[in-house]
Amino acid sequence: SDATQRSYGDFAVLFRTHSQADLLSQVLGEAGIPFSLASREALFQQAGIGDILALAKLINGGGLYSDLEAAALLTKQPPSNLALKRLKRWGLMREVPVWRALGESRHLPISGMGRNQQAAVVRLAAWLADVKRGSAGGSAEAQLQRLMVATGRNDALADDPQLSRRWSLILDLAKDQTMDEFLTRISLFQDTDRYSAAAQQVTLMSMHAAKGLEFPVVIVAGCEDGLIPYRPHSEGLSRKDLAEEARLFYVAMTRARSELYLSWAHQRRRVGKHVACQRSPFVDAVEERLLAREKARRPRKRRRYRQQQLF
């Protein structure tokens, strides 16, 4: 093997579910290994980012009722879920966008909604209007930074390095953009838009997003029954779904030009408990002559390192 001659950019770590991305990012970050997370969902829907982006859509005259539900959680006294659902039903029945429904809630009764519930919706509409006035003007980057301060989310960045890194990526995307341009950009964003073959960083990417790409070294993480093939809540799979999962695993393996590593854990911590894991049946189906089995060594405890800075 010529592993000693490899650069960080030669490596790709592929995962099946986006929940794996957070743990992999944390481990690489603590080890000081530079990496790029090529995942739209992990980048835009993380708590602390997804709600701010939802708020940005709303105060710029767009957004959906689902964005309102996300943004409402940024307030100190959000309307109840029931109130928001009734507002959504009322708005959709009348075929009006979310901003118009909020505006009309100030003077029109909402069917099925009590006085206190509607008062909470009106307070939410007033809060959104205040935030809109306070954040207006300037580039998308400047507006996003003002939204972070206005909602108190900025204080959380110092305590959450992973959130801070991902927020920096969002601001990079917003540079030299108007808010309309930025919101259009992220709506069209694909996982592979975060991938650069020239970057000297390990690539973290979902198995789906890796289609059509190749890397010198590929590590497929989480090769355990339930993750690969993916079975949420221990549900069974139809023949069609199982065949699709097998095809996806094949795609992941064939992304490797030179070296392929299939990793799995004997146990994982789930809902506060250690749960035994079984190796993926797809791994067992690989011909034994093609495999070289290695047992992972228990890592030594060591001090935490900061991720390396690259030029």
Side-chain angles (χ1 to χ4, degrees), residues 8-51 156-170 191-192 194-195 199 201-210 213 215 217-234 245 248-249 251-253 255-256 260-280 282-283 294-308:
Y8 288 125
D10 290 332
F11 291 83
V13 181
L14 306 184
F15 50 83
R16 177 61 182 85
T17 69
H18 288 283
S19 61
Q20 294 172 267
D22 288 335
L23 180 58
L24 292 168
S25 297
Q26 178 183 340
V27 170
L28 290 177
E30 290 178 350
I33 298 174
F35 67 92
S36 175
L37 177 59
S39 169
R40 184 185 192 281
E41 181 174 332
L43 183 58
F44 295 148
Q45 297 184 14
Q46 180 181 352
I49 292 180
D51 44 12
L157 296 181
D159 300 325
D160 191 335
Q162 186 178 104
L163 177 62
S164 182
R165 285 194 298 269
R166 293 191 182 175
W167 185 246
S168 295
L169 295 176
I170 295 294
D191 286 353
T192 50
R194 286 294 306 164
Y195 168 66
Q201 299 174 309
V202 174
T203 298
L204 287 183
M205 182 179 284
S206 72
M207 293 163 62
H208 282 99
L213 300 175
F215 307 87
V217 182
V218 167
I219 302 168
V220 183
C223 295
E224 300 140 33
D225 195 13
L227 280 176
I228 301 174
Y230 182 55
R231 278 194 275 256
H233 313 300
S234 301
E245 289 288 320
L248 185 60
F249 183 61
V251 167
M253 290 195 298
R255 298 311 89 202
L260 171 67
Y261 294 86
L262 307 175
S263 73
W264 60 88
H266 289 292
Q267 62 178 11
R268 287 186 182 273
R269 190 173 179 84
R270 294 174 182 165
V271 198
K273 297 181 180 179
H274 286 97
V275 179
C277 300
Q278 297 295 323
R279 187 171 56 234
S280 169
F282 295 161
V283 174
E294 295 183 10
K295 187 174 182 180
R297 293 188 296 270
R298 185 180 296 275
R300 297 177 181 176
K301 290 185 178 180
R302 59 181 180 176
R303 63 186 179 89
R304 295 176 63 170
Y305 292 90
R306 296 181 62 186
Q307 181 169 337
Q308 297 175 7

Measure the [atom1]-[atom2] distance between [X] and [Y] for me, rounded to the nearest 0.5 Å.
{"X": "F35", "Y": "S25", "atom1": "CZ", "atom2": "OG", "answer": "4.0 Å"}
{"X": "M253", "Y": "M207", "atom1": "CE", "atom2": "CE", "answer": "9.0 Å"}
{"X": "L28", "Y": "Y8", "atom1": "CG", "atom2": "OH", "answer": "10.0 Å"}
{"X": "R255", "Y": "L213", "atom1": "CZ", "atom2": "CG", "answer": "7.5 Å"}
{"X": "F15", "Y": "M205", "atom1": "CZ", "atom2": "CE", "answer": "8.5 Å"}
{"X": "T17", "Y": "Y230", "atom1": "OG1", "atom2": "OH", "answer": "6.0 Å"}

query: Which is it for R268 and V275 under the side-chain contact (heavy atoms from CB on, under 4.5 Å) test, yes or no, and what are the steps along the way?
result: CA-CA 5 Å; R268 287 186 182 273; V275 179; 5.6 Å; no
Non-hydrogen atoms of [X] and [Y] that approach each other most closely:
{"X": "S206", "Y": "L14", "result": "O-CD2, 4.5 Å"}
{"X": "A252", "Y": "V218", "result": "O-CG1, 3.9 Å"}
{"X": "V283", "Y": "C223", "result": "CG2-CB, 3.8 Å"}
{"X": "G222", "Y": "L227", "result": "O-CB, 3.4 Å"}

task: Output yes when E245 and R16 qualify as a salt bridge under the 4.0 Å nitrogen-oxygen rule, no when they do not.
output: yes
message: Is there a side-chain contact (heavy atoms from CB on, under 4.5 Å) between L262 and F249? Walk through the geometry before answering.
response: CA-CA 10 Å; L262 307 175; F249 183 61; 4.1 Å; yes
field: P229 side chain near F282 side chain, heavy-atom distance below 4.5 Å
entry: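 Of all side-chain heavy-atom pairs linking F282 with P229, at least one is under 4.5 Å.
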task: State whether the side chain of S280 and the backbone N or O of I228 hold a donor-acceptor pair below 3.5 Å, judged by distance alone.
output: yes
- request: For Q278, look at atom CD and say whether over 12 heavy atoms of other residues, nucleotides or ligands are found less than 6.0 Å away.
  value: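 Not buried by this count: 12 neighbours or fewer within 6.0 Å.
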